[in-house]
Chemist: 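My questions all concern the structure below.
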Protein chains: 2
Amino acid sequence: MPPLASGLLGALDPTSDRAVFRQIADQLREAIDKGRFREGDKLPSETELVEHFGVSRMTVRNALSLLQQEGLAVSEHGKGVYVRPRPPVRRLASDRFARRHRDQGKSAFTVEAEAAGSRPEVDGLEVKEERPSPDISARLGSPRKVLARRRRYLLDGRPVEFATSYLPLDLARNTPIAQPNPGPGGIYARLEEMGHRLDHFDEEIRARMPTPAEVRTLRLASGVPVIHLVRTAYDVDGRAVEVCDTVMAADAYVLAYQLPAT
Amino acid sequence: MPPLASGLLGALDPTSDRAVFRQIADQLREAIDKGRFREGDKLPSETELVEHFGVSRMTVRNALSLLQQEGLAVSEHGKGVYVRPRPPVRRLASDRFARRHRDQGKSAFTVEAEAAGSRPEVDGLEVKEERPSPDISARLGSPRKVLARRRRYLLDGRPVEFATSYLPLDLARNTPIAQPNPGPGGIYARLEEMGHRLDHFDEEIRARMPTPAEVRTLRLASGVPVIHLVRTAYDVDGRAVEVCDTVMAADAYVLAYQLPAT
DNA sequence: CTTACCCACTCGTCTATACGAGTATGCGTG
DNA sequence: CACGCATACTCGTATAGACGAGTGGGTAAG
């Protein structure tokens, strides 16, 4: 009549030189991999693991902390430690900025989310004139000031992405782009209407652990990295007309690109 | 004559409801951000922090562990905890598979690394015939067996990437592709010589924390995610002729793509 | 001068204990 | 029946202590 742990977990190997907390983590990880615990399942409580393995609580906590760092588990204060559920991912296709996707009245994010059956939301919109950071400045050809458009994107109430667009101020001031809602097709449609025919985009992708501020705004579980994407839009004259700096919850995205073989 | 900590770190706020170990982590993080500790610098030892803040050692270790999870610090047994050095990143451009890059006698990795002044190395090459996993099988059009080419890439002795190419066995068996060294221009050059003219590549990019096995093969510090890239090569008939599954140390890479605005 | 060892210092692992704070459940009261 | 509180469970934070293991420097022996 072992309640939980004993049925699904084995014993420690005292002859092994592998640390006890690592052995416990190994067993839990294996149990998760093999499906003995499934997404969203509650793992045995710290107390149960203490009793099952005959170790102190800190050792058990060390093991659970390892699993959380690996992104396999999340703890919820007062409730328990759970196998981390894999949220549905949003697929970003490399043709998402093609002109044919700009003709609708809604934003690309909204259209796409509704097509996928999710409830899209945009949050914390903020439009400001700023002095650019050195990096943004360099990418935009060293304008003295820029227009910054910040916003957060949510799917079904969950924040998934935080983005800031920067445009040279001389180009954006007193245009629809400086309005909270730039209108159908977004700022790329407005840029083209204003005579800046777009030629191509450069995208740079990095992955790293989030800063504490990013953990807050994206409500990230520990063990979840962020994808940092910086996109620069160029017009047909070769001028950089916009830089979009995006930080995405890595467990919510898969980026897809198609490359010619030429 | 405060040796280290006192000069660079402040005091705790006992009225704050922020946990003590978080306050300590905040102070260290701020000191790192402001450059008071620089890349590779040694942070104050656990003992010094214990004395400076008047807390127990576990509290200090908790704070340092937070910084490591964030990727800001690395600890070295017997030596100390250091501000994590940012290694040079390798830039992967989206045109790296263009035919014009396939004419040299060396592999793309080697050419590019030497151009960047690094010493490239390829490791643990392994060529095997296998039954494909369900995912690989689906991408390749459900072949019964595949040829798998595994290898690890290193720059200046540091592992940065681990990749496996899968090809339908009927296509690769008894060809140069099944040899350890497929020859100049790599397997894409061989495929084209064999009449499979390449049309385009699909790339899927994810980021996540590494598995324990990936931590070992890439010698990853804690707090460093991996970029998981899956590339599928299609010939002009629309047939998937290769899938390349790559796991990269995220702190060693930035991926760059160029997208048309059409 | 070189080698070998010792020692001091570092972080790693583990125990035992205590209290605080969030959550859920059930029971008793109104 | 509904509400509120007590309670028992969860994880979070913090202390104090012990021993182990890796590193590096200095000292003593050869």
Side-chain angles (χ1 to χ4, degrees), chain A residues 3-5 12-28 37 40-69 72-84 212 215 219 221-223, chain B residues 3-5 12-28 37 40-69 72-84 212 215 219 221-223:
Chain A
L4 258 173
L12 299 177
D13 173 6
T15 71
S16 165
D17 56 355
R18 188 159 177 81
V20 173
F21 78 90
R22 290 188 196 282
Q23 292 187 48
I24 296 175
D26 289 344
Q27 294 216 13
L28 289 167
F37 296 109
D41 280 4
K42 188 173 172 306
L43 294 179
S45 76
E46 293 177 356
T47 308
E48 285 170 323
L49 292 170
V50 161
E51 286 166 1
H52 177 80
F53 289 111
V55 298
S56 82
R57 185 166 163 231
M58 282 311 294
T59 302
V60 162
R61 280 184 63 77
N62 239 326
L64 291 171
S65 158
L66 244 191
L67 295 182
Q68 292 181 54
Q69 288 177 48
L72 283 180
V74 290
S75 71
E76 297 181 29
H77 191 172
K79 296 170 67 178
V81 180
Y82 297 82
V83 178
R84 184 159 73 85
V215 169
R219 290 208 293 270
S222 75
Chain B
L4 258 174
L12 299 176
D13 173 6
T15 71
S16 165
D17 57 354
R18 189 161 176 78
V20 173
F21 78 89
R22 289 188 199 281
Q23 292 187 47
I24 296 176
D26 290 344
Q27 293 215 15
L28 289 167
F37 296 109
D41 279 3
K42 188 173 172 305
L43 294 178
S45 75
E46 294 177 356
T47 308
E48 285 170 323
L49 292 170
V50 161
E51 285 165 4
H52 177 79
F53 289 110
V55 297
S56 80
R57 188 170 160 227
M58 281 312 293
T59 302
V60 162
R61 280 183 63 79
N62 241 327
L64 291 171
S65 158
L66 244 191
L67 296 181
Q68 292 180 54
Q69 288 177 49
L72 283 179
V74 289
S75 71
E76 297 181 29
H77 191 173
K79 296 170 68 176
V81 180
Y82 296 82
V83 179
R84 185 159 72 86
V215 168
R219 290 207 292 271
S222 73

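This is a predicted model, so every value here is computed, not measured. These values consider heavy atoms only, across backbone and side chains, with no hydrogens, waters or symmetry-generated copies.
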Chemist: Using every non-hydrogen atom in the two residues, find where A:R84 and A:G223 come nearest and quote the distance to one decimal.
Modeler: NH2-O, 4.4 Å
Chemist: It should be established whether A:R61 places a side-chain nitrogen or oxygen under 4.0 Å from OP1 or OP2 of nucleotide D:dG12.
Modeler: yes
Chemist: How close or far is atom P of C:dG12 from atom CG of B:N62, stated in whole angstroms?
Modeler: 13 Å
Chemist: OP1, OP2 of D:dT15 versus side-chain N and O of B:T59: anything below 4.0 Å?
Modeler: yes
Chemist: Do any side-chain nitrogens or oxygens of A:S75 fall under 4.0 Å of OP1 or OP2 in D:dT10?
Modeler: no
Chemist: Mind checking if A:R22 touches a base, just sugar-phosphate, or nothing, with heavy atoms under 4.0 Å?
Modeler: sugar-phosphate
Chemist: If we only count heavy atoms from C-beta on, is the A:Q23 to A:S16 side-chain gap below 4.5 Å?
Modeler: yes
Chemist: Using atom CG of B:L49 as one end and atom C1' of D:dT15 as the other, report the distance to the nearest whole Å.
Modeler: 17 Å
Chemist: What integer distance in Å separates B:L67:CG from C:dC11:C1'?
Modeler: 15 Å
Chemist: Between B:K79 and A:E76, just flag the one whose closest nucleotide in DNA chain D comes earlier from the 5' side.
Modeler: A:E76
Chemist: Between A:S56 and C:dA16, is there a side-chain N or O to OP1/OP2 distance below 4.0 Å?
Modeler: no
Chemist: List the atom of A:F21, the atom of A:T59, and the distance in Å for their closest heavy-atom pair.
Modeler: CB-O, 3.4 Å
Chemist: Heavy atoms from C-beta onward define the side chain here; which of C:dG12, D:dT13, C:dG20 lies closest to that of A:H77?
Modeler: C:dG20
Chemist: From D:dT15, C:dT10, C:dT13, pick the nucleotide closest to the side chain of B:S45?
Modeler: C:dT10
Chemist: For the residue pair B:L64 and B:L49, establish whether any side-chain heavy-atom pair is separated by less than 4.5 Å.
Modeler: yes
Chemist: For a quick test of reading the model, state the closest non-hydrogen atom pair linking B:L28 to B:P44 and the distance between them.
Modeler: CD2-CD, 4.5 Å
Chemist: Does A:T47 put a side-chain nitrogen or oxygen below 4.0 Å from OP1 or OP2 of D:dT10?
Modeler: yes
Chemist: Figure out the CZ/P separation between A:R57 and D:dT15, and round it to whole Å.
Modeler: 15 Å
Chemist: In whole angstrom, give the distance that lies between atom CE of B:M58 and atom C1' of C:dG12.
Modeler: 10 Å
Chemist: Within this structure, what is the CG-to-P distance between B:D17 and D:dG12, rounded to whole angstrom?
Modeler: 17 Å
